[in-house]
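Structure first, then comments.
Keep in mind it's a predicted model, so treat the numbers as computed, not measured.
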Amino acid sequence: MSAPAPSTLAIVDAEPLPRQEEVLTDAALAFVAELHRQFTPRRNELLARRGERRAEIARTSTLDFLPETAAVRADDSWRVAPAPAALNDRRVEITGPTDRKMTINALNSGAKVWLADFEDASAPTWENVVLGQLNLTDAYERRIDFTDPKSGKSYALKSADELATVVMRPRGWHLEERHLQLDGVSVPGALVDFGLYFFHNAQRLIDLGKGPYFYLPKTESHLEARLWNDIFVFAQDYVGIPQGTVRATVLIETITAAYEMEEILYELRDHAAGLNAGRWDYLFSIVKNFRDGGAKFVLPDRNAVTMTAPFMRAYTELLVRTCHKRGAHAIGGMAAFIPSRRDAEVNKVAFEKVKADKDREANDGFDGSWVAHPDLVPIALASFDAVLGEKPNQKDRLREDVSVAPGDLIAIDSLDASPTYDGLRNAVAVGIRYIEAWLRGLGAVAIFNLMEDAATAEISRSQIWQWINADVVFENGEHATADLARKVAAEELAAIREEIGEETFTAGKWQQAHDLLLQVSLDQDYADFLTLPAYEQLR
């Protein structure tokens with residue numbers, strides 16, 4: 001008697017989308033189902049391990065480099081695989097979601113790399129998940145164009161040699177894709193995003209002289225990097241492309257990963273392309289992990305935590321040294337300032353801030369960095385051109401002058417700043433505005449002249465939570481309390497209603513966003529990720 005055929009993926013509770021059959025083919029869904037069968041059990045174990053690690057941090061209020069992997073760090077002989085030609089010069093990378101207009105603008109932007117984002121810059125509506133995949137394939141096939149229905153302006157791709165190289169970012173390990181299920185169990189969003197993209201585009205990209213390149217978000221340990229490496233090995237065999245074709249850049253955007261940078265590169269060494277200093281999620285991770293560690297771990301206002309803060313300098317300099325020691329690219333973080341084509345003063349401030357940020361990164365040894373807007377590409381290019389010249393990168397700068405002790409990475413109290421009442425108000429205002437847009441399916445949102453994504457909302461709600469639970473006293477004498485947060489939130493909601501008018505307010509998701517922000521900011525049972533309860537409300 002023959003074995004029963006394996007179950008197939010079911011599309012659940014999803015309205016049909018135009019051309020979805022081109023993405024959700026039987027063969028592609030069979031591949032995603034196989035990824036799910038092979039790797040979701042390990043993913044579940046690693047998520048449980050995150051909880052155990054967090055409990056240990058709560059008990060000890062400290063972190064250290066791992067004793068069990070000391071041999072990996074001490075072995076000076078290993079290096080990651082050499083960068084493929086398409087990823088050797090990464091001096092400017094632009095980030096953004098994969099809607100049709102952004103796809104064309106990012107590829108045309110003049111940046112060396114486009115981080116095509118299915119993660120924090122994209123709300124995971126079924127439409128964004130499926131049509132984002134379609135847009136990327138259409139771009140590789142050069143059958144993508146777009147006409148803005150409001151302005152009538154048309155967008156089309158430049159010549160192939162002018163386009164950015166795509167590095168795709170799937171969702172983090174913690175998120176499910178409720179619309180794809182196997183035997184009633186949702187498939188992890190990371191496997192859906194990776195699986196559909198890889199299955200449809202791996203060979204197509206090789207034919208274009210590039211390859212399937214990925215950014216890996218929210219990684220918390222080298223064991224999570226090992227899981228991704230095993231997925232890459234399996235996937236390359238499955239579609240019949242050479243081992244080592246995949247390249248992955250890991251975002252060091254959690255405090256635990258900062259203590260395992262070398263081990264993460266080691267686990268991925270045949271597929272590693274570098275590490276990135278994902279600064280906003282990194283701050284969120286510090287608050288999340290040390291939220292009950294007392295006054296010395298209380299972060300001041302987000303805008304007061306610049307990259308010159310001692311603990312942030314330790315993190316970025318260690319990242320550059322680690323990458324260059326192992327032959328990997330070190331990629332700098334996001335300058336969130338965005339220019340305005342209507343306001344000359346806003347433009348001037350944005351350009352100055354971004355220039356200072358990128359000058360510092362280039363001089364520190366980074367090989368490239370991120371921007372959020374095409375107008376900022378020339379600013380960042382100038383900063384890196386001044387340091388690199390004709391060289392594709394500066395991996396020869398080994399930064400052996402850098403020495404970082406374990407305590408340096410969590411020396412939050414080395415920063416001479418305190419939470420302020422205006423900081424609370426800003427956290428509430430930004431949190432409500434971002435969550436409202438996210439619930440409408442937008443993941444990258446301009447708020448107060450900054451480009452915000454889900455990491456922003458995570459910092460906002462985490463700081464509100466931390467300040468209340470640490471009984472912070474603001475400069476005006478007021479204590480951070482749940483009642484004060486509710487009062488400020490009510491005032492912000494009323495101000496938004498006044499600003500946009502009753503009709504627009506009612507058509508949006510403002511009350512829902514207000515309620516959700518307060519839920520994740522005030523609940524004693526701190527939610528690991530805001531996007532988990534938010535996803536339940538995303539329709």
Side-chain angles (χ1 to χ4, degrees), residues 65-66 69 72-93 112-113 115 165 167 169 213-217 219-222 224-226 228-229 244 246-279 281-282 307 312-334 357-358 360-370 380 383-384 387-388 391-404 408-409:
F65 301 110
L66 301 179
T69 54
V72 171
R73 297 192 299 276
D75 180 356
D76 288 338
S77 66
W78 64 268
R79 298 286 182 277
V80 303
L87 278 182
N88 203 30
D89 187 335
R90 304 176 63 173
R91 67 187 71 198
V92 179
E93 304 191 349
K112 297 291 186 182
V113 165
L115 186 159
T165 293
V167 180
R169 181 163 72 167
Y213 306 142
F214 299 93
Y215 259 111
L216 305 181
T219 300
E220 296 198 15
S221 74
H222 70 286
E224 295 179 18
R226 182 182 297 170
W228 269 118
N229 197 72
V246 168
R247 284 293 192 280
T249 305
V250 179
L251 291 118
I252 302 299
E253 57 184 353
T254 66
I255 186 63
T256 51
Y259 287 85
E260 301 182 37
M261 292 189 211
E262 286 195 81
E263 295 91 331
I264 286 167
L265 286 176
Y266 181 79
E267 294 294 344
L268 285 159
R269 59 195 178 280
D270 295 332
H271 301 107
L275 303 177
N276 167 275
R279 58 181 73 167
D281 261 313
Y282 189 73
M307 298 309 291
M312 296 301 277
R313 291 288 294 158
Y315 148 64
T316 54
E317 293 202 304
L318 180 62
L319 188 146
V320 172
R321 174 172 177 154
T322 301
C323 286
H324 290 181
K325 176 183 177 184
R326 302 304 182 180
H329 280 72
I331 307 298
M334 171 67 79
D357 189 59
K358 302 312 166 195
R360 177 186 46 73
E361 288 181 327
N363 286 309
D364 281 349
F366 281 97
D367 302 294
S369 189
W370 284 6
S383 295
F384 280 89
V387 171
L388 295 177
K391 294 195 308 178
N393 54 63
Q394 52 181 333
K395 289 194 278 192
D396 56 335
R397 271 193 73 193
L398 297 179
R399 290 307 309 271
E400 289 172 338
D401 56 304
V402 171
S403 177
V404 175
D408 296 343
L409 294 168

Check: Glu361/Ser369 side-chain N/O donor and acceptor closer than 3.5 Å: yes

Between Ser403 and Arg321, a side-chain donor and acceptor under 3.5 Å: no

Over 12 non-hydrogen atoms of neighbours within 6.0 angstrom of OH in Tyr266: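 At most 12 heavy atoms, drawn from other residues, nucleotides or ligands, come within 6.0 Å of this atom.
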
Sole residue of Thr249, Asn393, Asn276 in side-chain hydrogen bond (donor to acceptor under 3.5 Å, both in side chains) with Arg90: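 That would be Thr249; it is the only one of Thr249, Asn393, Asn276 passing the side-chain hydrogen bond (donor to acceptor under 3.5 Å, both in side chains) with Arg90.
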
To the nearest 0.5 Å, how far apart are [atom1] in [X] and [atom2] in [Y]?
X      : Y      : atom1 : atom2 : result
Leu318 : Tyr259 : CG    : OH    : 9.5 Å
Met261 : Phe65  : CE    : CZ    : 7.5 Å
Leu398 : Cys323 : CG    : SG    : 12.0 Å

[X] side-chain N/O to [Y] backbone N/O, donor-acceptor pair under 3.5 Å:
X      : Y      : answer
Thr254 : Thr219 : yes
Asp367 : Asp89  : no
His329 : Leu275 : no
Lys112 : Arg91  : no
Trp370 : Leu115 : no
Glu267 : Glu263 : no
Arg397 : Asn363 : yes
Tyr315 : Ile252 : yes

Looking at [Y] and [X], is any side-chain nitrogen of the basic one under 4.0 Å from a carboxylate oxygen of the acidic one?
X      : Y      : value
Arg326 : Glu262 : yes
Arg399 : Asp401 : yes
Lys325 : Asp76  : yes

Full working for salt bridge (charged side-chain N to carboxylate O under 4.0 Å, His left out) between Asp364 and Arg313: CA-CA 10 Å; Asp364 281 349; Arg313 291 288 294 158; 2.5 Å; yes

Shortest non-hydrogen contact between Ala330 and His324, atoms and distance: CB-NE2, 4.1 Å

Closest heavy-atom pair and its distance - Phe384, Lys358: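 Smallest heavy-atom distance, with atoms named: CE1-O, 4.1 Å.
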
Verdict with reasoning, Asp270 to Arg247, per salt bridge (charged side-chain N to carboxylate O under 4.0 Å, His left out): CA-CA 8 Å; Asp270 295 332; Arg247 284 293 192 280; over 6 Å; no

